[in-house]
**Q** 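Pasting a structure below so you can have a look.
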Protein chains: 2
Amino acid sequence: MADIARLAGVHVSTVSRALAGNPLVESTQREKILKIAQDRGYVPNTAAANLRLRRTQTLSVVIPLHHEAGQALTDPFFVSMLGHLADEITQRGYGMYLKKVLPPATNWLQGLVQSHRADGVIVIGQSTEHAAIEAVSKTYPPLVVWGGHLQQQSYCTVGSDNVGGARAAVEHLIQSGRKRIVFMGDSNIPEMRLRQDGYRLALAQASRSATADVQIPSHMTADAAYEAMRAYIREGEKFDAVFAATDVIAISAIRALAASGLSVPKDVAVVGFDDIPMSAYTNPPLTTVRQDLQRGAKILVDLVLRRIDGEDTPSATMPAELIVRESSGARRK
Amino acid sequence: MADIARLAGVHVSTVSRALAGNPLVESTQREKILKIAQDRGYVPNTAAANLRLRRTQTLSVVIPLHHEAGQALTDPFFVSMLGHLADEITQRGYGMYLKKVLPPATNWLQGLVQSHRADGVIVIGQSTEHAAIEAVSKTYPPLVVWGGHLQQQSYCTVGSDNVGGARAAVEHLIQSGRKRIVFMGDSNIPEMRLRQDGYRLALAQASRSATADVQIPSHMTADAAYEAMRAYIREGEKFDAVFAATDVIAISAIRALAASGLSVPKDVAVVGFDDIPMSAYTNPPLTTVRQDLQRGAKILVDLVLRRIDGEDTPSATMPAELIVRESSGARRK
DNA sequence: TTGAAAGCGTTACCAA
DNA sequence: TTGGTAACGCTTTCAA
């Protein structure tokens with residue numbers, strides 16, 4: 001900026017004003033300065049401006065993968081969410097700072113916040129980090145979390161109606177005449193836990209004994225789910241349906257069932273959760289519960305920005321819609 | 001940091017040294033300072049440190065979408081690449097600043113570079129921005145581009161062997177007895193252009209008249225490709241195979257063919273390019289040319305970092321492997 | 001081993 | 001309308 005000032009024969013403060021569009025600078029002067037800056041491709045140093053302005057025009061997006069180190073950022077769910085967030089954040093004139101947090105990191109969120117890298121933080125998925133998030137949110141308002149809305153929580157979440165969506169999925173299986181419905185998922189992850197709750201609710205309402213159903217704790221990776229399903233089949237348990245807490249798990253289950261010589265949906269019906277793009281193309285196409293991630297991303301960004309402005313926004317829950325395809329064995333509507 | 005210094009009863013410079021692990025500070029002193037910082041969850045303000053150190057420990061990832069405004073960051077190819085880049089960049093101890101650039105932006109790259117937001121820049125896809133990239137690269141070394149390697153270019157690219165991969169794909173179609181092979185893609189995008197070159201090469205080598213083949217200029221969005229294919233079918237042209245420049249186009253083409261009552265692969269064989277995750281699950285599963293994005297991401301990051309260190313790295317081309325599935329009508333090997 | 005002070009490149013306040 | 005100057009929060013050189 002000092003260069004530009006010298007070339008234009010004015011003081012740096014005038015250059016700063018001109019570049020910021022401050023109407024005080026005389027128009028001829030402004031034109032001249034802008035032209036020089038333009039020609040030299042000059043753009044103010046953001047680090048310096050950030051320091052002075054105490055804002056960054058950037059939002060951090062964090063993905064904690066505490067529960068499963070091997071889970072790469074290639075997981076279709078995360079990756080779709082990221083794409084939508086990038087779209088939305090860009091559109092609002094902000095930049096996006098992406099951070100993946102691995103297991104042993106202590107103080108990961110506190111550290112990110114204190115580094116002042118961004119004006120606000122979006123956390124995708126609580127993972128097993130509920131406590132850490134809760135703690136930070138007490139003193140740092142511009143924080144919004146994609147995930148399950150828990151009873152005791154005081155931070156702001158955006159998420160789908162996990163209980164209701166899961167319930168609809170399991171009711172669909174029950175109505176299709178399935179008798180022994182297995183849940184696959186990891187109850188330690190809040191969102192999955194809520195889906196499990198929905199599953200149990202649906203069974204209870206149908207006066208179905210929960211004993212007829214079996215839990216398969218599963219990590220979120222495709223391979224872990226595949227192995228878990230195969231092992232479960234090998235144990236010789238009888239079941240005719242699977243409700244998986246995510247599509248990635250469901251798709252792995254389908255693979256495992258096929259590999260074990262079981263037909264989907266004839267022998268075993270499968271329903272997932274998420275409606276990742278791939279789900280429409282699996283064989284057979286996957287019945288699942290759709291989360292509207294584009295809308296979710298929009299709400300997430302909207303809420304952080306409002307929180308940056310000092311507003312105290314409540315959590316938001318979006319409806320989750322059952323999408324009936326062929327893997328659940330029902331006739332398409 | 002002033003707070004910490006006051007609490008510890010030392011000067012800020014000592015705190016700075018302690019936090020930076022400078023061995024000069026006396027160990028008891030250091031422990032004390034670190035403990036106070038720990039307790040208060042203190043982390044240095046990055047903007048200030050960056051300003052002073054003239055580096056950011058951040059890499060920018062830019063996605064120019066000049067050629068197709070509607071193309072969201074939800075495109076499976078971009079999104080997979082992003083995931084891998086996030087993994088790789090995080091692993092190297094850097095942060096990732098993600099920027100999506102839309103059509104009218106002039107000087108987008110120059111601006112990003114000058115803003116000093118990151119220590120290096122990775123551009124995903126040249127789009128129609130070859131000239132802009134070329135210009136900036138002259139004066140800004142730590143810039144690496146994912147895309148096609150062009151003759152006249154002086155910047156550093158990483159990409160697959162587009163010509164070779166496309167050629168293998170088309171040869172596969174020829175060997176399967178297909179006679180009239182249509183190329184779908186947009187020749188204005190360097191990578192697609194190279195794939196088209198490979199397509200032509202394969203035809204030429206088989207002494208096939210290029211007149212028997214037809215170009216369908218297509219934007220990259222799924223819908224545009226779908227419409228283009230439907231329109232082409234309506235024109236009544238005869239063809240028995242499609243080589244699409246991307247899987248997204250190929251999958252749309254399959255949908256369009258099915259909607260027009262044509263069977264894949266019986267009536268028309270389809271081959272794509274990219275091997276996005278979804279391709280293994282389409283109906284029928286898509287024959288395509290695989291790009292190893294994980295390895296690509298690794299190389300991209302590796303090269304930028306070496307360039308940040310002042311090295312002048314050459315471009316890298318990775319082999320592209322034909323994956324034969326069912327959409328091309330050949331028997332699986 | 002620690003303290004003092006300069007400086008990174010901006011922006012904003014106060015004077016002129 | 002413009003110029004000078006302080007301040008943003010840190011790191012590092014130089015002195016002590």
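Naming: A, B, ... by sequence-line order, numbering from 1 per chain.
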**Q** Of all the nucleotides listed (D/dG9, D/dT11, C/dG9), which has the minimum atom distance to the side chain of B/Met1?
**A**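 My answer, after comparing the listed nucleotides, is D/dT11.
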**Q** From the options C/dT11, C/dT2, D/dT11, select the nucleotide whose nearest atom is closest to the side chain of B/Leu53.
**A**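 Within the option list, the nearest is D/dT11.
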**Q** Keeping the roles fixed (side chain from B/Lys32, backbone from B/Ala8), state whether a donor-acceptor pair exists under 3.5 Å.
**A**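 Yes.
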**Q** Output the single nucleotide from D/dC10, D/dG9, C/dC8 whose closest atom is nearest the side chain of A/Leu51.
**A**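 The answer is D/dG9.
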**Q** When you check the phosphate oxygens OP1 and OP2 of D/dG4, does a side-chain N or O of A/His11 lie under 4.0 Å from one of them?
**A**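 Yes.
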**Q** Under 3.5 Å, is there a donor-acceptor pair linking the side chains of B/His149 and B/Gln153?
**A**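 Short answer, yes.
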**Q** With a 3.5 Å cut-off and just heavy-atom distances, do the side chain of A/Arg52 and the base of C/dT11 make a donor-acceptor pair?
**A**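 Flag set: donor-acceptor pair detected.
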**Q** Quick one: label B/Ser16 by what it contacts on the DNA or RNA (base, sugar-phosphate, nothing), any heavy atom closer than 4.0 Å.
**A**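 The residue B/Ser16 makes base contact.
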**Q** What's the CD-P distance between B/Gln114 and C/dG9, to the nearest Å?
**A**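 After rounding, the reported distance stands at 12 Å.
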**Q** Atom CZ of A/Arg55 to atom C1' of D/dG9: distance rounded to whole Å?
**A**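 Distance, rounded to whole Å: 17 Å.
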**Q** State whether B/Arg54 places a side-chain N or O below 4.0 Å from either non-bridging phosphate oxygen (OP1 or OP2) of C/dG9.
**A**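 Checking B/Arg54 against C/dG9: at least one side-chain N or O falls below 4.0 Å of OP1 or OP2.
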**Q** Is there a donor-acceptor pair under 3.5 Å between the side chain of A/Arg17 and the backbone N or O of A/Val25?
**A**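 No, the answer is negative, given that no donor and acceptor are paired below the 3.5 Å cut-off.
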**Q** Using the closest heavy atom to pick a nucleotide of DNA chain C for each, name whichever of B/Ala48 or B/Leu24 lands nearer the 5' end.
**A**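 The answer here is B/Leu24.
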**Q** I'd like to know if the side chain of B/Thr56 pairs up with that of B/Asp119 as donor and acceptor (distance under 3.5 Å, no hydrogens or angles considered).
**A**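 Yes, B/Asp119 and B/Thr56 have a side-chain donor paired with an acceptor closer than 3.5 Å.
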**Q** Just how far, in rounded Å, is C1' of D/dC10 from CZ of A/Arg117?
**A**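 Answer to the nearest Å: 14 Å.
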**Q** Atom CD1 of A/Ile33 and atom P of D/dG3: how far apart are they, to the nearest Å?
**A**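 Rounded to whole Å, this separation is 8 Å.
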**Q** In whole angstrom, give the distance that lies between atom CG of A/Leu19 and atom P of C/dT10.
**A**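 For the pair A/Leu19 CG and C/dT10 P, the rounded distance is 9 Å.
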**Q** Could you tell me whether the side chains of B/Ser154 and B/Glu134 share a donor-acceptor contact shorter than 3.5 Å?
**A**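 Their side chains do contain a donor-acceptor pair, which is all the 3.5 Å distance test asks for.
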**Q** In terms of side-chain heavy atoms, does B/Trp108 have a donor or acceptor partner in B/Glu129 at a distance below 3.5 Å?
**A**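 The answer is yes; a qualifying pair exists.
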**Q** In whole angstrom, give the distance that lies between atom CG of B/Asn50 and atom P of D/dG9.
**A**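 Answer to the nearest Å: 15 Å.
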**Q** So that I can tick it off, tell me whether A/Lys298 and A/Asp302 are bridged by a salt bridge, with the cut-off set at under 4.0 angstrom between side-chain N and carboxylate O.
**A**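 Salt bridge: no.
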**Q** Round to a whole Å and report the spacing from CZ of B/Arg30 to P of C/dT1.
**A**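 Checked: the CZ to P distance equals 10 Å.
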**Q** OP1 or OP2 of C/dT2 sitting under 4.0 Å from any side-chain N/O of B/Gln29?
**A**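 Checking B/Gln29 against C/dT2: at least one side-chain N or O falls below 4.0 Å of OP1 or OP2.
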**Q** So which protein N/O to nucleotides 13-16 of chain C N/O distances come out below 3.5 Å?
**A**
residue: C/dC13; atom: N4; partner: A/Arg17; partner atom: NH1; Å: 3.1

**Q** When you measure from the side-chain N and O atoms of A/Tyr42 to the phosphate of C/dT10, is any distance below 4.0 Å, counting only OP1 and OP2?
**A**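 It does, given that an N or O in the side chain of A/Tyr42 lies less than 4.0 Å from OP1 or OP2 of C/dT10.
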